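Comments concern the structure below.
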Number of protein chains: 2
Amino acid sequence: MKLITRDTDYAIRAICFMAENKEEITSVSELVEKLKIPRQFLRKILQALNKKGVLTSFKGKSGGFKLRRKPQDIFITDLIKVFQGPLKLNKCIFKKKLCSSVDRCILREKIGEIEQRVVSELGLITVASLLNKR
Amino acid sequence: MKLITRDTDYAIRAICFMAENKEEITSVSELVEKLKIPRQFLRKILQALNKKGVLTSFKGKSGGFKLRRKPQDIFITDLIKVFQGPLKLNKCIFKKKLCSSVDRCILREKIGEIEQRVVSELGLITVASLLNKR
DNA sequence: CTAATTGATACTATTTTAGTATCATTTAAA
DNA sequence: TTTAAATGATACTAAAATAGTATCAATTAG
Ligand code: FES
Ligand code: FES
């Protein structure tokens, strides 16, 4: 049961690197060298982050990527959403068929509550908060 | 991001059925008919539950399965563990490499805390609690 | 002009989840 | 005692999600 998949993971690392290393523009080549992430996979990830408005991209020679927002305004949940879709643990497991003859399902309710918790806890974590304590 | 996979789901339904329907022994055939779960898949699931001590099995004609414990003593987390292994959201995503040059990782800590929450919330749900409100 | 870069897109590989098939063994009951 | 209905064990297949690769086109600093 993974809360964070590989692409989200790599995205977090890349963004942390870019946030620390204050050069305005960082290229894939530099990230590959420093973080040892497979090149094409990382490219795909950064392109997605660009499309979703987390990064800005610069084409051509000496191009690369740059954070579009400040580290304290980039939430881990944003990144999870980009790669893993909306943060839902829920998804009406029982298709409303069985687990309640009445029209409410205890298990689903409970999972809904848990989800709220997870979302709100995760919702507090920003890229900046991952860097602070270094 | 699924908190509960299909096999766990089916296990819960089957066990709820067996808990309600107070006949001592329930056969796969009956469950298949009532719950519309694929036969072989359900068999595999019930066999696993038997091995893990949740159910007892009875071989031969008119055999089947029976709850080994009372519904209030069967926790959803037990079932999750049977099919999905230990309840961990954690798994040191960053392999201790990057996200802290100091030797602690904020993200991991946070996820650890969230995990505790999830586990303790889920830990309160029993099969009995799913049936009560009908 | 050209080498270094991103954009777009299609493809492949691996792992996890879901489901099937089959034969052996057990047992209640005709 | 035979037999049909059950589980035990195990190996197999299918589908979906995750992880990663390959390639060519467009852009741009130098
Ligand atoms: S999970 Fe959908 S009705 Fe219970
Ligand atoms: S997740 Fe392992 S060191 Fe941060």
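A note on names: the letters A, B, ... follow the listed sequences, proteins ahead of strands, and every chain is numbered from 1. This structure is a prediction, so every number in the text was calculated from the model and none was measured.
- Atom pair Ile37(A):CD1 and dG20(D):C1' shows a separation of 13 Å (rounding to whole Å applied).
- Side-chain atoms of Asp78(A) come within 3.5 Å of backbone N or O of Phe75(A) as a donor-acceptor pair.
- For Tyr10(B) and dG19(C), the shortest distance from a side-chain N or O to OP1 or OP2 is below 4.0 Å.
- Between Ser62(B) and dA29(C) there is no side-chain polar atom (N or O) within less than 4.0 angstrom of OP1 or OP2.
- For the residue pair Thr5(B) and Gln84(B), a side-chain donor N or O sits within less than 3.5 Å of a side-chain acceptor on the partner.
- If Gln40(A) and Lys61(A) are placed on DNA chain C by their nearest nucleotide, the residue sitting closer to the 5' end is Lys61(A).
- Between Gly63(B) and Ser27(B), the shortest heavy-atom distance links the atoms O-CB, 3.7 Å.
- The interatomic distance linking Lys44(A) (NZ) with dT23(D) (P) rounds to 16 Å, in whole Å.
- What separates CZ of Phe41(B) from P of dA21(C) is a distance of 14 Å, to the nearest Å.
- Put simply, CZ on Phe58(B) is 11 Å from P on dG8(D), counting in whole angstrom units.
- Look at Lys51(B) and you'll find a side-chain N or O under 4.0 angstrom from OP1 or OP2 of dA9(D).
- No donor-acceptor contact under 3.5 Å links the side chain of Lys59(B) to the base of dG8(D).
- Taking the nucleotide of DNA chain D with the nearest heavy atom to each of Phe83(A) and Gly64(B), the more 5' of the two is matched to Gly64(B).
- Of all heavy-atom pairs between Ala14(A) and Leu42(A), the closest is CB-CD1, 4.3 Å.
- Not one side-chain nitrogen or oxygen of Asn50(A) sits closer than 4.0 Å to the OP1 or OP2 atom of dT6(C).
- Look at CG on Asp7(A): it is 16 Å from P on dT15(C), rounded to the nearest Å.
- As judged by a 4.0 angstrom heavy-atom cut-off over every strand, Gly60(B) is placed among the base-contacting residues.
- When the P atom of dG7(C) is taken as reference, atom CG of Leu49(A) falls 11 Å away, rounded to whole Å.
- Across all strands, Arg39(B) comes closer than 4.0 Å to no nucleic acid atom at all (heavy-atom distances).
- Contact of the Leu31(B) side chain with the Ile37(B) side chain is not registered, since no non-hydrogen atoms from C-beta on lie closer than 4.5 Å.
- Taking side-chain N and O atoms only, Lys2(B) has no distance below 4.0 Å to OP1 or OP2 of dT17(C).
- Counting all heavy atoms, side chain and backbone alike, Leu55(A) lies closest to Asn50(A) at O-OD1, 3.2 Å.
- Whole-Å rounding puts the Leu42(A) CG to dA8(C) P distance at 16 Å.
- Of all nucleotides listed (dT6(C), dA18(C), dT7(D)), dT7(D) comes nearest to the side chain of Ser27(B).
- Considering only side-chain atoms of Arg6(B), the nucleotide from dT7(D), dA10(C), dG19(C) that sits closest is dG19(C).
- In this structure, CG of Leu3(B) is placed 16 Å from C1' of dT17(C), rounded to the nearest angstrom.
- Residue order along DNA chain C, read from the 5' end via each residue's closest nucleotide, puts Leu46(A) first among Leu46(A) and Arg43(B).
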